[in-house]
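Here is the naming used below: chain letters follow the sequence lines, and residue numbers restart at 1 for every chain.
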Amino acid sequence: MTQALVWFRQDLRIKDNPALANANQIGNVLPVYIFDDTVPEEGSMGGASRWFLHHALESLNKALDNKLLIFKGDPKEIIPSLCKSAQCQHVFWNRMYEPWAISRDSIIKTTLKSMDINATSSNGSLLWEPMSVLKKDGTPYKVYTPFYKNGCLKQAPPRYPVNTHHTKFAESSVEFPDLARLTISDLQLLPKIKWDEKFYEMWDVSENGAQDKLAHFITSSIDNYDEQRNIPSVEGTSLLSPYLHFGLISPNQTWYAVVDAFEGIDSAKERKGVGVYLSELGWREFSYYLLFHFNHIQRENFNSKFNIFPWKNDTQSKQDLTAWQTGNTGIPIVDAGMRELYKTGYMHNRVRMIVGSFLVKNLLIDWRRGERWFWDCLVDADTASNAAGWQWVAGSGADAAPFFRIFNPILQGEKFDKQGEYVKTYCPELSNLPNKYIHKPWDAPPIILAEAGITLGEDYPHPIADLSATRKRALDAYSSIKKAV
DNA sequence: ATATAATTGGT
DNA sequence: CCAATTATA
C-alpha cells in the first residue's frame with residue numbers, strides 16, 4: 001500500500017484538512033509534526049504560542065490515535081529523510097504564507113521533486129488565495145474595503161469544508177535511523193515560570209474546543225456582534241483567533257457555520273451581525289494578503305515615510321515601555337488590557353487598539369516594540385495579523401488609521417467600558433472607585449480616592465503620560481515626516 | 001480628469 | 001472642522 005506523509009504545521013486539525021483528505025485518498029498516512037528550529041527570529045514562536053502549540057499537538061496526537069510523529073530540526077532535511085526511511089512517494093501539506101515559510105517550503109518541494117516524490121500543497125487556512133485577488137490593473141489592493149467587497153466577495157465563494165474520515169495509518173514499525181523521534185514534552189514548549197495558570201481556564205486547546213467556541217458564538221453572540229464586539233467586559237467576540245492561527249479550525253468551517261446558521265433569517269439585526277463578523281474574517285484575509293504581496297511589512301513600515309519617524313528610544317521611553325508591558329501606566333483601560341494579555345494570553349480587540357495607540361502615539365515608541373511584546377504574549381500571535389494590526393494603529397500601514405487619529409484612552413474607556421467592569425476585573429485595586437473616575441483616577445478628589453482606599457503612586461500608579469500634551473507631541477512628530485519625501 | 005467614498009477618532 | 005491615501009465611478 002502507498003504511503004503518504006502528511007506534514008502538519010499550522011493546520012492542527014482532522015476536520016476540513018485538505019492535506020489530510022488528499023492523503024487519505026492515496027494510501028496509508030504517516031502524520032508528522034516538525035518543530036522547525038531554523039525559523040528566523042521574527043517567526044520564532046513566543047511563550048504563549050508555544051503553550052498553545054503544546055496542547056494543540058497533544059489534542060491532535062490523540063485524534064490521530066497517538067500516531068503523530070514528532071521531530072525537531074530542519075524540515076528541509078527531515079522531510080526528505082522521512083520519505084526515504086518510510087518509503088513515502090507522496091507528501092501533503094497545507095500552505096503557510098509567512099515569507100520564510102514560503103521559501104522554506106519551495107526548497108523542500110524542489111528537493112522532493114528531484115527525489116521523484118510527489119509534493120502537494122493545499123490551501124487550508126485562507127478563504128481566498130492572495131495571488132488570485134488583484135485589482136483590474138493586476139496590482140494588489142492597498143485598501144481593505146475594495147479588497148474585500150470587490151476583490152473577494154465578487155469572485156468564487158470560499159471552498160466548502162471537506163470531509164476527512166477514514167484515515168488509515170502507515171505501519172507503526174517504520175524506523176528512522178537518521179532521526180530522533182521525540183515526544184511532545186521533549187519539545188519543552190511549556191513555560192518554566194508558572195505564568196500560564198489562567199490560560200487553562202480560558203482555552204480548551206483542542207479541535208473540539210474550537211468547535212465549542214464557534215457553536216457558542218453562533219448561538220449567543222453573533223446576533224449582537226455588531227455592538228457587543230466592542231465591549232471588552234462582555235464575551236461578544238468569537239475568541240477563535242488562536243484556533244484559527246494554529247488551524248484547529250479553518251476559516252472555511254467558520255465562514256460556512258455562520259452563513260449556514262443564518263440562511264433564511266430575515267432579522268436585519270442578526271444579518272448585520274453576521275455580515276460584520278464575516279468581514280472580520282475578511283480582515284484576517286487582508287492581513288495575510290498584505291504580508292504575501294508586501295513581505296517587508298513584518299519588520300518595516302509599509303509606508304516608507306515612517307522610516308524617518310522620530311521614535312523615542314531614550315532611558316525614559318525604556319521605562320515607559322516596561323510600564324506599558326507590565327500594565328503600570330496609570331491609565332486604567334491601558335493597564336487592564338496589558339494585564340489581561342499577560343494573564344490570559346489574549347486581549348480584547350478593542351483594547352488592543354487602545355493600548356497600541358497609547359504606546360505608539362502617546363509614548364512615541366516604535367510599533368515594533370509593541371509588535372514583539374504581543375508576539376511573545378499572545379496565544380493567537382500571528383505574523384500577518386500582528387504586523388498588519390500594529391501598522392494599522394501606527395498609521396504606517398496599508399489602509400491605516402491616519403496618524404492624526406489618536407485614541408483618547410479615557411474617552412474609549414467611557415465609551416466601551418461604561419461601568420468600568422473590564423478595568424476592575426484586571427485592576428482590582430480600583431474596584432471601589434466611582435464610575436465617574438474609573439478611567440481617570442488622577443482626576444478624582446482626594447476624599448474620593450481616600451474612600452476608595454487608593455493612594456496614587458502606591459496602590460495604583462500616577463499616569464506616565466499627560467494625554468493632551470503627548471497628543472500634541474505626536475501630531476508634531478507626524479508633521480515632521482509629512483513634508484519628507 | 002476629477003469627484004467621492006471609505007478608513008474601529010478627537011476637539 | 002482636522003487631515004492622508006487609495007479605489008473606483
**Student:** Of all residues at least two apart in sequence or in a different chain, which pass the side chain to side chain donor-acceptor pair (under 3.5 Å) check with A/Asp399?
**Tutor:**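 A/Asp399: no side chain to side chain donor-acceptor pair (under 3.5 Å) contacts found.
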**Student:** Which pairs, with at least one residue in residues 195-205 of chain A and sequence neighbours excluded, count as a salt bridge (Lys or Arg N to Asp or Glu O under 4.0 Å)?
**Tutor:**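 Pairs touching residues 195-205 of chain A that pass the test: A/Lys198-A/Glu201.
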**Student:** Tell me whether the guanidinium CZ or amine NZ of A/Arg350 lies under 6.0 angstrom from the six-membered ring centre of A/Phe416 and within 45° of its axis.
**Tutor:**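 Cation-pi check for A/Arg350 and A/Phe416: passes.
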**Student:** B/dT11, OP1 or OP2 - any side-chain N/O from A/Asn408 closer than 4.0 Å?
**Tutor:**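 Affirmative; the distance criterion is met.
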**Student:** Please report the distance, rounded to the nearest Å, between NZ in A/Lys149 and P in B/dA6.
**Tutor:**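 Taking NZ of A/Lys149 and P of B/dA6, I get 7 Å after rounding.
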**Student:** Check the distance between B/dG10's C1' and A/Arg473's CZ and give it to me in whole angstrom.
**Tutor:**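 Taking CZ of A/Arg473 and C1' of B/dG10, I get 18 Å after rounding.
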**Student:** Would you verify whether the NZ or CZ of A/Arg9 falls within 45 degrees of the ring axis of A/Trp7 while also being under 6.0 Å from that six-membered ring's centre?
**Tutor:**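 Yes - A/Arg9 lies over the ring of A/Trp7, closer than 6.0 Å to its centre and within 45° of its axis.
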**Student:** I'd like to know whether the aromatic ring centres of A/Tyr148 and A/Phe286 sit less than 6.0 Å apart in this structure.
**Tutor:**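 Distance test on ring centres: not under 6.0 Å, no.
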**Student:** Would you please indicate yes or no on a ring centroid separation below 6.0 angstrom for A/Trp51 and A/Tyr200?
**Tutor:**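 A/Tyr200 vs A/Trp51: aromatic centres under 6.0 Å.
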**Student:** Take atom P in C/dC1 and the same atom in B/dT4, then report the distance between them in whole Å.
**Tutor:**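 C/dC1 and B/dT4 have their P atoms separated by 16 Å.
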**Student:** Are A/Arg405 and B/dT11 close enough that a side-chain N or O sits under 4.0 Å from OP1 or OP2?
**Tutor:**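 It does not, given that no N or O in the side chain of A/Arg405 lies less than 4.0 Å from OP1 or OP2 of B/dT11.
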**Student:** If the sugar-phosphate is the primed atoms plus P, OP1 and OP2 and the base is the rest, what is the B/S/- string for nucleotides 2-9 of chain C, using protein heavy atoms under 4.0 Å?
**Tutor:** -BSSSSS-
**Student:** Under 4.0 angstrom, heavy atoms only, what part of the nucleic acid is A/Arg471 near: base, sugar-phosphate, or nothing?
**Tutor:**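 Here A/Arg471 touches the backbone only, sparing every base.
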**Student:** Taking side chain to side chain donor-acceptor pair (under 3.5 Å) as the test, write out the residues that go with A/Tyr422, two or more places apart.
**Tutor:**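 Listed in chain order: A/Glu340.
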**Student:** Residues of residues 354-373 of chain A with any non-hydrogen atom less than 4.0 angstrom from an atom of DNA chain B: list those, numerically ordered, please.
**Tutor:**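 Going residue by residue through residues 354-373 of chain A, none turns out to have a heavy atom under 4.0 Å of DNA chain B.
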**Student:** Does a side-chain N-to-carboxylate-O contact under 4.0 Å join A/Arg372 and A/Glu41?
**Tutor:**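 Salt bridge present between A/Arg372 and A/Glu41.
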**Student:** With Watson-Crick and G-U wobble geometry limited to distances under 3.5 Å, how should the secondary structure of DNA chain C be encoded in dot-bracket form, using | for bases paired to another strand and [ ] for crossing pairs?
**Tutor:** ||.||||||
**Student:** In whole angstrom, give the distance that lies between atom CD of A/Glu414 and atom P of B/dT11.
**Tutor:**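 A/Glu414 atom CD is separated from B/dT11 atom P by 11 Å.
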**Student:** Please determine if A/Glu235 and A/Lys213 form a salt bridge, counting it only when a charged side-chain N lies under 4.0 Å from a carboxylate O.
**Tutor:**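 The answer is no: the pair does not qualify as a salt bridge.
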**Student:** Hey, does the side chain of A/Asn362 reach the backbone of A/Leu364 with a donor-acceptor pair shorter than 3.5 angstrom?
**Tutor:**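 Side chain of A/Asn362 to backbone of A/Leu364, a donor-acceptor pair under 3.5 Å: no, none is there.
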**Student:** Going by an N to O cut-off under 4.0 Å, is there a salt bridge joining A/Asp36 and A/Arg104?
**Tutor:**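 Yes, charged N to carboxylate O under 4.0 Å.
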